[in-house]
Amino acid sequence: MRSNRLNVQFRYYERNFVRPLQTSYGSWAKREGIVVRLRDEANRFGWGEIAPLPWFGTETLEQAIAFLRSLDGEISPAQLWQIPDTLPCCQFALESAFKSLANDREPTPFTLPPDRLAALLPAGERVLSSWQNPWTAGHRTFKWKIGVFTSELEWGWFAQLLGNLPPEGRLRLDANGALTEAACRGWLERCDGAGDRVEFLEQPLAQVAPMQAIAPHFRTPIALDESVTQFKHLQAAVQGGWRGLFVLKPSIAGFPSRLQATIQTRGLDCVFSSVFESFVGQGAALRLAEVGARPGGARALGFGVGSWLDPLPPRWLAGLWNRRS
Ligand SMILES: O=C(O)CCC(=O)c1ccccc1C(=O)O
Ligand SMILES: [Mg+2]
């Protein structure tokens, strides 16, 4: 190996959803991703994960694989920092792997205390019978996908849900950009009417400008998600004076160091969130959440998605390396 070069290996994986995730984009049945392993000249290893979300504007799995193949088994640190913004998941995976060389320890599965995690609930009426198990497990923040059925139907279920959920339970509503402006106002009126039970309404509309116009008229904050997935869009929203929340999904947000710098210099009010990555990517995402947490109380983490995917077998990571790919 030439000086300062890192050996790069990668493995494809796939994982089925226990039940497909329904959002306003449609139905999602299988998470596919890639685990990357770097080895430096001191024979230390570092791991990272590429978990693309092309419908959020990231590279596709195929584009990530094409990039990794183009490296031909080696990358230098200088080359790593030159990964283009069109490959945000590759930026995230390779910087995480590079930083984790210092630990030289294979990532292992971990669990977080339920009271720190927002539990993801299914869309539609099923929400009414789906919050009880996570509640019993200790979750107090719940995220419900809306904009999947008509507003009238969803408003009915929302009222029932508020009636059933004990008062300490708080809700996040995620429309994935699917609402009309009228429906967005309708939701915000109902959220405001629910006192402090709705933490925020997430990405109700596709565009930032109308959300920015509507937000000041309501007490319930709006959180941007799709609108700030790409780093340049996050910068644009911050510079445009967005005063609400930011849902950040580190796995698809590019270089973690760059994201961290923006969070800290701008003092952003962030909610860190999953893209159904494995514990490899999740560990790196949570390291960012730790340093990105604002003094005086971080919001619940949007990583309460564990029960949505088939469990990983024991020694899953080692097993990936035992097979050829
Ligand atoms: O943010 C969370 O709490 C759970 C994660 C989540 O909802 C999500 C997961 C994958 C892709 C998109 C989204 C989303 O927030 O829209
Ligand atoms: Mg969202």
Side-chain angles (χ1 to χ4, degrees), residues 15-33 49-61 88-89 92 112 114-124 127 130-131 134 137 139-148 169-179 184 187 198-208 211 221-230 233-234 237 244-253 269-279 281-282 285-286 288-289 292 298-309:
R15 220 176 152 187
N16 290 320
F17 282 83
V18 174
R19 174 180 278 121
L21 176 75
Q22 261 184 304
T23 72
S24 53
Y25 296 102
S27 182
W28 189 12
K30 187 168 78 172
R31 176 14 115 208
E32 295 180 287
E49 179 172 351
I50 297 171
L53 207 56
W55 34 288
F56 262 59
T58 77
E59 70 269 53
T60 61
L61 188 85
C89 302
F92 169 78
L112 294 162
D115 64 321
R116 297 279 303 111
L117 294 173
L120 183 64
L121 303 175
V127 72
S130 301
W131 62 267
H139 293 276
R140 292 297 177 264
T141 306
F142 301 87
K143 177 162 169 174
W144 186 37
K145 294 287 187 186
I146 61 168
V148 179
R170 298 192 83 206
L171 292 172
R172 298 172 171 180
L173 305 177
D174 187 3
N176 286 109
L179 302 184
C184 175
W187 272 109
V198 179
E199 186 184 2
F200 55 79
L201 176 61
E202 181 169 329
Q203 195 75 39
L205 307 174
Q207 303 297 326
V208 176
M211 289 191 278
I222 294 178
L224 303 182
D225 182 6
E226 281 88 335
S227 288
V228 294
T229 300
Q230 292 179 47
H233 294 160
L234 174 64
L245 280 58
F246 297 87
V247 172
L248 301 178
K249 298 174 158 57
S251 288
I252 62 172
D269 190 351
C270 304
V271 177
F272 294 91
S273 156
S274 159
V275 294
F276 299 99
E277 62 282 86
S278 79
F279 59 85
Q282 204 183 111
L286 290 170
L288 185 78
R299 294 176 183 272
L301 299 162
F303 284 85
V305 299
S307 63
W308 280 84
L309 291 162

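Both counts, for ligands and for their atoms, begin at 1 and track the order of listing.
Looking at residues two or more places apart in sequence or on another chain, you find a ring-ring contact (aromatic ring centres under 6.0 Å, His included) between Phe279 and Trp316. Glu32 is linked by a side-chain hydrogen bond (donor to acceptor under 3.5 Å, both in side chains) to Tyr12, counting only residues two or more places apart in sequence or in another chain.
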Using the side chain to side chain contact (heavy atoms under 4.5 Å, CB included) rule, take Arg15 and Trp308 through it: C-alpha gap first, then chi angles, then the decisive distance, then the call.
CA-CA 10 Å; Arg15 220 176 152 187; Trp308 280 84; over 6 Å; no

Please test Val271 against Arg172 for side chain to side chain contact (heavy atoms under 4.5 Å, CB included), starting from the C-alpha separation and ending with a verdict.
CA-CA 11 Å; Val271 177; Arg172 298 172 171 180; 3.4 Å; yes

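A donor-acceptor pair is defined here as one N or O able to donate and one able to accept, closer than 3.5 Å; no such pair exists between the side chain of His139 and the backbone of Ala118.
Side chain to side chain, Glu199 and Thr141 fail the donor-acceptor criterion of an N or O pair below 3.5 Å. A donor-acceptor contact closer than 3.5 angstrom links the side chains of Gln203 and Ser227.
Ring-plane geometry between Phe17 and Trp28 is classed as tilted, the angle between the planes lying from 30 to 60 degrees on a 0 to 90 degree scale. By the 30° and 60° cut-offs, the orientation of the rings of Trp131 relative to Phe142 is perpendicular.
Listed by chain and number, Leu53, Trp55, Phe56, Lys143, Lys145, Asp174, Asn176, Glu202, Asp225, Lys249, Ser273, Ser274, Val275, Phe276, Gly302, Val305 each place a non-hydrogen atom less than 4.0 angstrom from ligand 1.
Excluding waters, the set of protein N/O/S atoms under 2.8 Å from the Mg ion (ligand 2) reads Asp174 OD2, Glu202 OE2, Asp225 OD2.
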